[in-house]
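Read through the structure below, which is laid out as structure tokens, and then see the notes.
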2 protein chains.
Amino acid sequence: MVQDSIRILQAQGHKATRPRKLVLEILEEMDRPLSPYDIQGVLRQRGKYLNHVTIYRVLDILCSLNLAHKMLSSGGFVRCSLDMAEGCHRFMVCQHCGAIREFADKELCQGENEFARNFGFHAEHHHSELAGLCSRCYRK
Amino acid sequence: MVQDSIRILQAQGHKATRPRKLVLEILEEMDRPLSPYDIQGVLRQRGKYLNHVTIYRVLDILCSLNLAHKMLSSGGFVRCSLDMAEGCHRFMVCQHCGAIREFADKELCQGENEFARNFGFHAEHHHSELAGLCSRCYRK
DNA sequence: GAGCTAAATGCAACAATATTGCATTAGCTC
DNA sequence: GAGCTAATGCAATATTGTTGCATTTAGCTC
């Protein structure tokens, strides 16, 4: 999966560098929103080091290619778990354990688009976050 | 409108203080996302002063009562323009001029809820931001 | 594999945003 | 208007994000 992302990076003319691989690995492994400093901390625990500026820059690129997303409610970053859902990013955010699940749905977007058009608004990107409880936390 | 919000504040046991009135006035008047420091700046231009900590605290309360919302994409705050839409907050955000328009729709929420339930997720709050162009900016 | 070059990183400094504890002030009730 | 408690202001600090520049390195050419 990290490999897939790296390939996409390269296809866009970006280099396959150590910091980029490391950030992708961490995002993949942790699977919950991490701030740039969180990522730096995880790496440090493993005896590895990246400057936080570098992490910011890596995340910028990943987000611009939709390989990662910035969770708006927490400010943390998660890797993108969908193949192609340009312009439609919806997330279930468990308020208890912090787990994230991404999804996309054309009909939802169309519904929102129609609503917007009634106000003369032309929507390009959708970003929606549902706060609630994941199945595991709900059972408790 | 500021008066309405103040009444709601008081009904919840909060006091109707000068900082709270001032912040509500600014939010009402500007009608676009403002950071706490933006608000402080506007006030300063008018020869008034509020400590930024106070502004943060006022905004916390307003958000907790749904009298204001934090725009996740920009981090700024807008006043709530809907009467009652608990748990459903959707915004059109003009990428060109920054204007905000809030809306809510039960069907959209139900759609998202159903989708979530298929993953065992129980949604409580919806926050969605549509980036695009408002009617005025689109015409250009 | 050595050399080249643009891209990427690290560093340092700084800017912006956000939080905490505590002394002082000011709404509200009577 | 006095008293009580919530709310504010202040100071200090923590967290998050940005910029410019010197140095390094990935990926290309030969």
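To find a chain, count down the sequence lines: A is the first, B the second, and so on, and within it residues start at 1. What you see below is based on every heavy atom in this structure, not just the backbone, and it leaves out hydrogens, waters and symmetry mates.
Whole-Å rounding puts the A:Lys21 NZ to C:dT9 C1' distance at 15 Å. Distance CZ (B:Arg7) to P (C:dC28): 13 Å, rounded to an integer number of Å. Atom pair B:Gln12:CD and D:dA7:C1' shows a separation of 17 Å (rounding to whole Å applied). Protein atom CG of A:Leu59 is 11 Å distant from nucleotide atom P of D:dT18, rounded to whole Å. Across the protein-nucleic acid pair, B:Lys15 atom NZ and C:dT29 atom P stand 9 Å apart, rounded to whole Å. Taking atom NE2 on A:His14 and atom P on C:dA8, their separation rounds to 7 Å, with Å as the unit. When the C1' atom of C:dA7 is taken as reference, atom CD1 of A:Ile61 falls 10 Å away, rounded to whole Å. A straight line from CD1 of B:Ile55 to C1' of C:dA16 spans 15 Å, rounded to a whole angstrom.
Pair assignment for C:dA16: D:dT15, on the basis of Watson-Crick or G-U wobble contacts that are both within less than 3.5 Å. In this structure, D:dC30 and C:dG1 make a Watson-Crick or G-U wobble pair, each of the two defining distances being under 3.5 angstrom.
A salt bridge between B:Arg90 and B:Glu112 is present, with a side-chain N of the basic residue lying under 4.0 Å from a carboxylate O of the acidic one. Of the charged side-chain nitrogens involved, none lies within less than 4.0 Å of a carboxylate oxygen, so that B:Arg57 and B:Asp60 do not count as a salt-bridged pair.
A distance of 12.5 Å separates CD in B:Gln110 from CZ in B:Arg117, rounded to the nearest 0.5 Å.
Between B:His69 and B:His89, the ring planes lie tilted relative to each other; the angle falls in the 30° to 60° range.
Nucleic acid contact for B:Arg57: base, since at least one base atom lies under 4.0 Å from a heavy atom of the residue.
The side chain of B:Tyr49 contributes an N or O atom lying less than 4.0 Å from OP1 or OP2 of D:dC10. Side-chain nitrogen and oxygen atoms of A:Lys70 include at least one within less than 4.0 Å of the OP1 or OP2 phosphate oxygen of D:dG17. Contact check, B:Arg18 against C:dG27: no side-chain N or O comes under 4.0 Å of OP1 or OP2.
Which of C:dT9, D:dA7, D:dC10 sits closest to the side chain of B:Val53 comes down to D:dC10. Checking C:dC28, C:dT19, D:dG17 against every side-chain atom of B:Gln10, the shortest atom distance belongs to C:dC28. Picking from D:dG17, D:dT8, C:dT17 the nucleotide with the shortest atom distance to the side chain of B:Tyr56 gives C:dT17.
For B:Pro36 and B:Thr17, each mapped to the nucleotide of DNA chain C holding its nearest heavy atom, the one lying further toward the 5' end belongs to B:Pro36.
Taking only distance into account, the side chain of A:His52 never meets the base of D:dT15 through a donor-acceptor pair shorter than 3.5 Å. Below the 3.5 angstrom threshold, one finds no donor paired with an acceptor across the side chain of A:Tyr37 and the base of D:dA14.
Within a 6.0 Å radius of OH in A:Tyr138, no more than 12 heavy atoms belonging to other residues, nucleotides or ligands are found.
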